[in-house]
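For clarity, every value in this text was computed on a predicted model and none was experimentally measured. Values reported hereafter were calculated over all heavy atoms of this structure, with side chains retained and with hydrogens, waters and symmetry mates removed.
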Amino acid sequence: MGDLVEKRLESLLPDLRLLLRARLISDEELQNLVKKYRDMEQRILRQDATRRDYMRCVSHELNCELLLKTRFEKIGTKQKNPYQGEGLVQQKNHPHFNRAVKRFKGDKELWMQYARHCVKSGSSRAAGKVFARALALHPMNEDLWLAAWSWEFEGNNNTKTARRLAQRSLRAIPKSRKLWLEYFRLEMIYLSKLRGRRKALGIEASDNSEGSSGLGFWQGGVVITILNGALGALGDDVDNSHETKNYFCQYLDICKQLPLVPTTLTENVTEILARRFPDDPSVLEAAALRYLVDGEEWSEKAVLDAWTEMRKSSLELESETLWQACTIFIQKNSSLSRSLPTVEETLLDARKRGFMISVEDEQPGALELDEKSSPTECREYIRDWVSREREEGPTVEDVSGQLQNRLFSDVRNYNETIAVLWVAFLRSHGNLSETRSAYELILNSIPGPHEEVVREAIEVEKQTHSIKKLRKLYNLRTQTCGETDTEVWLDWIQSEKDALEWKAAAGVYYKALRTLADSSQLVQSFSTSPEQNDD
């Protein structure tokens, strides 16, 4: 083993000498690097080497790259950067990952990290090969298939290959609900993009070819074929599981969420689901709500059409669930149309047909919030609601609405404590999309600073792994405390590294050096070895 270690070290000497001549490392650091490389090679060549040993090698190389890029920018020399292009680290990182996946072929998360690293480093060809190797070893893994075709579609702009991978994945796992739904979404997004492009160019979509559904491509023939394929592939599960019926309602939701979707396509999806599930209230309710398109202002006609179809389904099916849905619909949308009946009229209509529908009011004696409620009262309101959360009473949406009304009742006397309570409450109940909408509404509507709200928002985006939104939030955070708070910069750098955005992490580090009044703690923390950080 010793000869093999020395052989690997000798292969690094030309690159290390290049760094020494460029004055990017000192003689002492060169000796430390050689010692470090020797120690790492000895660890991973042992019989009992662990996954952590391999990842330490990768982490060490990436940290070296980040540090040396920062030094090169700080020196400002005009000579060629040895860490750009085909430099030492970029050459050595892939072999480290490659050695790791060869040793731990069954580690699916390790394969995902390897693929993400190839994508982030701009190695498209390497990423394709990594996905191919991973899928050959793990053909029944949904997440790997989804990651592969998502990268081809979104990152590589290769729709043809993305479709081919999606179809291969469904042949391998025909019962996968997740893959069927995401393939449907992929084709819907592609159709929406193409229709938007043609609209911008002033070209009318013409259909000369028809899919197996009898519809042309521009009317959603491919999408309808996928939906029929999903219904056929899931077999008996479709008819016997109420959960599966609710799952198919998501197909209608996708049609409502995307712009420029043909009306005929939404109607066809609705017709297929209603024909397959003629007696399921959740499907019929979703079908009636197709008129209310997300992201658009609902017209009075759309609200009336939705109400008319929902009431018609309630009369035909004689379902108490649908009558309850009708009552809730009237409660939420009565202000949008004068032609809608009142809640009392709807309840009377349902009771005439033998359905005892009731409208749940706030519990008597429960705490209420008004425009003068203090932060302490808001906190007590949340604590009181959580204590009786499983009982009949206000929903999460009701509590959120109470806090929102209190917060925006008097913007001039804005209280950040209540804003933080609102965002933290939504985050604690796992509704990340509504939490994001809440903090964005605060940041965009009320003059700052919002230091505590931004801190909560960062925790939200860490859960969603949205690096673009994290950057915006960290920029806001560093505007208020960037000169004094080293931990904020370290947290930002770590987030970039977790997303494998090494170049961006180097930029953040260099920006921190220029911004901090005292950067000694940053330099000391950043230069700590991976082993010390892990411990």
Indicate the ring-plane relationship of Phe97 and Tyr114, choosing parallel, tilted or perpendicular according to the 30° and 60° boundaries.
parallel
Single hit among Val488, Val508, Val454 for side chain to side chain contact (heavy atoms under 4.5 Å, CB included) with Thr478:
Val488
Flag, side chain of Thr346 to backbone of Thr327, donor-acceptor distance under 3.5 Å
no
Atom CZ of residue position Arg133 - does it have more than 12 heavy atoms of other residues, nucleotides or ligands inside 6.0 Å?
yes
Please identify which of these residues, Glu187, Met188, Glu182, meets the side chain to side chain contact (heavy atoms under 4.5 Å, CB included) condition with Arg185.
Glu182
List the steps and the verdict of salt bridge (Lys or Arg N to Asp or Glu O under 4.0 Å) for Glu496 and Arg471.
CA-CA 9 Å; Glu496 296 286 355; Arg471 286 171 184 157; 2.9 Å; yes
Short side-chain to backbone donor-acceptor contact, Thr515 and Ala512, under 3.5 Å:
no
Is the backbone N or O of Ala126 less than 3.5 Å from a side-chain atom of Ser123, with the two atoms forming a donor-acceptor pair by type?
no
Where does the angle between the aromatic ring planes of Tyr251 and Phe248 fall among parallel (under 30°), tilted (30 to 60°) and perpendicular (over 60°)?
parallel
Given side-chain contact (heavy atoms from CB on, under 4.5 Å), test Asn475 with Lys511 step by step and report yes or no.
CA-CA 11 Å; Asn475 272 318; Lys511 183 178 179 181; 3.0 Å; yes
Candidate pair Glu109 and Arg116, rule salt bridge (Lys or Arg N to Asp or Glu O under 4.0 Å), full reasoning:
CA-CA 10 Å; Glu109 181 58 31; Arg116 282 197 295 265; 3.1 Å; yes
Any donor-acceptor N/O pair, Asn268 side chain to Thr264 backbone, under 3.5 Å:
yes
Count the heavy atoms of every other residue, nucleotide or ligand shown that sit under 6.0 Å from CZ of Arg275, and state whether that count exceeds 12.
yes
Tell me whether the count of non-hydrogen atoms from other residues, nucleotides or ligands lying under 6.0 Å of CZ in Arg197 goes above 12.
no
Main chain of Lys160, side chain of Arg164: is a donor-acceptor contact present, judged purely on distance under 3.5 Å?
no
Check: Arg477 and Asp485 side chains under 4.5 Å, non-hydrogen atoms:
yes
Look at the rings of His138 and Trp111 and say which category their plane angle falls in: under 30° parallel, 30 to 60° tilted, over 60° perpendicular.
perpendicular
Determine whether a donor-acceptor pair (N or O, by modelled atom type, separation under 3.5 Å) exists between the side chain of Trp151 and the backbone of Ala162.
no
May I ask you to test the Glu345-Ile330 pair for a side-chain heavy-atom distance under 4.5 Å?
no
Quick one: does Asp305's side chain get under 4.5 Å of Lys301's, heavy atoms only?
yes
Got Phe329 and Val303 here, is their nearest side-chain heavy-atom distance under 4.5 Å?
yes
Between Ser169 (side chain) and Ala166 (backbone), is there a donor-acceptor pair under 3.5 Å?
yes
Short side-chain to backbone donor-acceptor contact, Arg195 and Trp218, under 3.5 Å:
yes
Quick check: does any side chain N or O of Tyr247 sit under 3.5 Å from a backbone N or O of Arg177, one acting as donor and the other as acceptor?
yes
Any Asn158 side-chain heavy atom under 4.5 Å of Phe153 side chain
no
